[in-house]
Every structure is written in structure tokens, then in C-alpha cells.
Amino acid sequence: MRTAPRTILALAAFLALCGWAAPAGAAYPEKPIEFIIPFAAGDSADIEGRLLAQEMTKVLGQPVVPINKDGGGGAIAYTATKGAKPDGYTVMWNSTSLLTTTNIGNVPFDHDAFDNIGRVEYQPMPFAVKADAKWRTLKDFVEDCKKNPGTLKIANAGPGSTTHIAAVAIANASGCKVIHLPVGVQRRNSSLLSGEVDAMVGPLTGVIKLAQAKQIRLLAITSPKRNPLIPDVPTAKELGYAAVIDLFRGLSVPKGTPADVKAKLYKAMISAANSKSFQDLAQKAGFTIETMDSKEFDPYLGEMDKVVKDILKEAGLYRTQKPK
């Protein structure tokens with residue numbers, strides 16, 4: 001039976017009045033997109049994320065709006081994203097903290113509770129002391145630590161943060177008993193410079209200026225290989241300490257986000273990562289742009305998750321925190 005044209009038009013008008021729209025993603029995006037950053041404004045993660053969001057705005061044609069949700073080593077941001085509607089209007093600037101905060105127990109879910117758009121970049125995490133400190137090498141620090149166990153203090157951004165886990169990895173590998181002090185992102189550098197702590201671990205983008213100004217000394221990094229921006233700084237591994245973990249950053253969305261929406265976000269992510277402004281920031285700040293799509297990023301996360309689990313289990317920290 002043929003349907004009269006007038007009937008078809010009436011049906012279309014009725015569906016429009018009822019709020020029916022084309023399949024999700026067909027006209028996406030039609031409004032601003034929330035870009036959740038797990039750390040405080042002004043931190044290196046914030047600076048990198050804001051620039052990426054700015055460049056993604058140019059591709060998507062709608063504002064990609066940075067929103068800082070810091071706290072709990074990323075737990076607040078990850079929890080908020082997990083509970084958001086899977087429609088593409090909530091995007092999360094993830095990092096290695098996605099693995100640390102889930103494995104330490106800051107949140108009641110695992111890293112695979114999200115759909116991943118892809119990885120954008122990675123960077124080393126230097127182990128640093130003040131420039132005038134008595135320790136010239138990581139070996140010097142470890143020897144002093146072993147002579148005075150439980151006295152030296154190492155600052156990190158917070159329980160479950162990537163800097164915390166990197167510091168734990170070095171302590172595990174060297175057999176060194178230290179005090180891990182969670183001073184927060186904003187106080188991490190100042191706590192070292194003031195003498196409140198003896199050492200700290202921070203992302204290269206957060207410490208490079210202090211190192212270039214000769215205010216701090218970088219003793220080692222936990223990366224698999226040396227970084228070209230700081231070629232004289234050895235890896236912990238080459239010094240004989242099996243502490244290998246990098247800081248990565250990428251994009252995730254709530255589970256169940258439509259495939260076509262994720263495809264548009266991935267296209268915007270790649271364009272932003274390849275933009276001149278983001279490339280210039282990478283060169284200046286010290287992170288390496290090396291993108292992955294979800295098919296590469298998902299297994300990468302699985303491998304890194306095992307690394308983080310092993311570090312925490314050896315230190316007796318695996319899921320010892322309780323979600324608030």
C-alpha cells in the first residue's frame with residue numbers, strides 16, 4: 001500500500017515536534033563540548049589540554065570548553081566522566097593517572113570503564129633534587145637512603161598520581177625506604193625548592209624551566225630511553241634500577257558514545273595534535289607527540305595497566321585507598 005505524500009509530510013512534522021532527530025552524530029556537534037581536565041588550572045596537564053581543546057574547536061566548529069576537575073589523583077574527573085551522558089559532549093583529557101587512580105582504589109571501577117578516542121603524547125618523569133643538594137647522582141641518593149631508611153622525603157602530586165607511582169617504582173627498584181609526601185600539583189616544585197622535601201618526581205613539562213634555570217638537578221627519568229630535550233639525564237633502567245613508566249595523555253569519553261561521534265573526535269584530535277601551535281608547545285615543553293587510535297591505545301593501556309599493578313602490588317599499595 002502506498003503512503004500519500006501528505007501523510008508522509010504530516011508524520012515528519014509530528015516527529016520533529018516530538019524532538020526526533022537524525023541518528024546520533026549525524027549533525028554532531030550542535031553545541032559546546034565539555035573538555036574535562038583532571039588537574040588544576042595552570043599545571044602542565046592543563047596547559048597542554050587547553051591548547052589541544054582550542055585547536056579541536058577549529059575542526060569541530062563548536063567550542064571545546066576546558067573544565068578543571070582536580071582532586072584524588074584524577075578520581076574526581078574520571079568519576080564525573082564515567083557518569084556523563086555518552087553523547088560526545090563530554091570528553092576527558094586522560095593520563096597515566098587513569099591507571100594509577102583505578103589501581104590504588106581511588107575509584108570503584110577499572111580503566112576500561114571508558115571508550116577511548118586515542119593517545120596524543122607522552123613524556124618522561126624526572127627524579128629531581130635541588131641544584132645545591134649533596135646528591136650528584138641517583139646512586140648517591142639511594143646510598144644515603146639506605147644508610148638512613150625512612151628519613152628522606154619525596155614529593156608527589158597526590159596518592160594515586162602518576163608522580164606518586166613513579167617515585168614508588170624507583171623506591172621499589174632500588175630497595176630504598178622513603179617517605180612519599182603527597183603535596184599536590186601546585187606545591188610540588190615549591191616544596192622541593194623550600195627544603196620541605198629532599199626530592200620530587202614531576203612531569204618534564206612541569207620541571208624543565210627549573211632545570212634550565214639551574215634551580216634543580218635531574219638525576220634520572222623513568223622512561224625506557226633518554227629524552228632528546230635532556231640528553232644528559234640517564235634513565236633509571238640504565239643505572240640498574242628497573243623502574244620504567246612514562247606519563248601519557250590522550251582522550252576518552254563515556255562508555256557507549258556512538259562510533260560516528262568518536263570518529264569525529266578522533267579526526268579533531270589528530271588535527272589538533274598536528275597543529276603548529278601544539279607542535280611548538282611540545283618542542284618547548286618537552287613532551288613527545290606520538291598519536292594512537294583506539295585500536296592501538298586500548299592494548300597499550302592494557303600493557304601499562306599491568307605495569308602499574310605490579311608496582312603497586314610490590315609496594316603493598318594495590319587498592320588500599322577507599323573511594324570517598
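Keep in mind that the numbers below use all heavy atoms, side chains included, and drop hydrogens, waters and symmetry copies.
Between the side chains of Asp115 and Thr257, no donor N or O sits under 3.5 Å from an acceptor N or O.
Other residues, nucleotides and ligands place more than 12 heavy atoms under 6.0 Å from the NZ atom of Lys262. Around atom NZ of Lys284, no more than 12 heavy atoms belonging to other residues, nucleotides or ligands sit under 6.0 Å away. Within 6.0 Å of NZ on Lys309 lie more than 12 heavy atoms contributed by other residues, nucleotides or ligands.
Salt bridge status for Asp144 with Lys134: present, with a side-chain N to carboxylate O gap under 4.0 Å. Using a 4.0 Å cut-off between a side-chain N of Lys or Arg and a carboxylate O of Asp or Glu, Arg319 and Asp110 qualify as a salt bridge. Comment: Lys153 does not engage Glu196 in a salt bridge, judged by the lack of any side-chain N to carboxylate O separation of less than 4.0 angstrom. Ionic pairing of Asp260 and Lys264 is not present here: no N-O contact between side-chain nitrogen and carboxylate oxygen is shorter than 4.0 angstrom.
Taking 4.5 Å as the limit, every side-chain heavy atom of Pro231 sits out of range of all side-chain heavy atoms of Arg226. Considering only heavy atoms from C-beta on, Ser44 comes within 4.5 Å of Arg249 through its side chain. A heavy-atom distance below 4.5 Å is found between the side chains of Asp305 and Asn103. The shortest side-chain heavy-atom distance between Val65 and Ile33 does not fall under the 4.5 Å cut-off. Counting heavy atoms from C-beta on, the side chains of Thr102 and Asn106 never come closer than 4.5 Å. Between Ile245 and Met304, some side-chain heavy-atom pair lies under the 4.5 Å cut-off.
When hydrophobic clusters are built by joining Ile, Leu, Val, Met, Phe, Trp and Tyr residues whose side-chain heavy atoms come closer than 4.5 Å, directly or via intermediates, Val197 is grouped together with Leu193.
Residues Phe109 and Tyr78 keep their aromatic ring centres 6.0 Å or farther apart. Annotation: Phe287 is in aromatic contact with Phe278 [ring centroid separation under 6.0 Å].
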Side chains of residues 294-303: which donor-acceptor pairs under 3.5 Å do they make with residues two or more places apart or in other chains?
unit_1, atom_1, unit_2, atom_2, d
Glu296, OE1, Asp293, N, 3.1
Asp298, OD1, Asn116, ND2, 2.8
Tyr300, OH, Arg119, NH1, 3.4

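Between the Lys255 side chain and the Asp112 main chain, a donor and an acceptor come within less than 3.5 Å of each other. At least one donor-acceptor pair closer than 3.5 Å links the side chain of Ser161 to the backbone N or O of Gly158.
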**OP:** Starting from the C-alpha separation in whole Å, work towards a yes-or-no answer on side chain to side chain donor-acceptor pair (under 3.5 Å) for Tyr122 and Thr96.
**Re:** CA-CA 9 Å; Tyr122 70 91; Thr96 314; over 6 Å; no

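Every pair passing disulfide (SG to SG under 2.5 Å) that includes a residue from residues 93-167 is listed here, sequence neighbours excluded: Cys145-Cys176.
Seen from the ring of Tyr318, Lys313 counts as a face-on cation partner, given the 6.0 Å and 45° thresholds.
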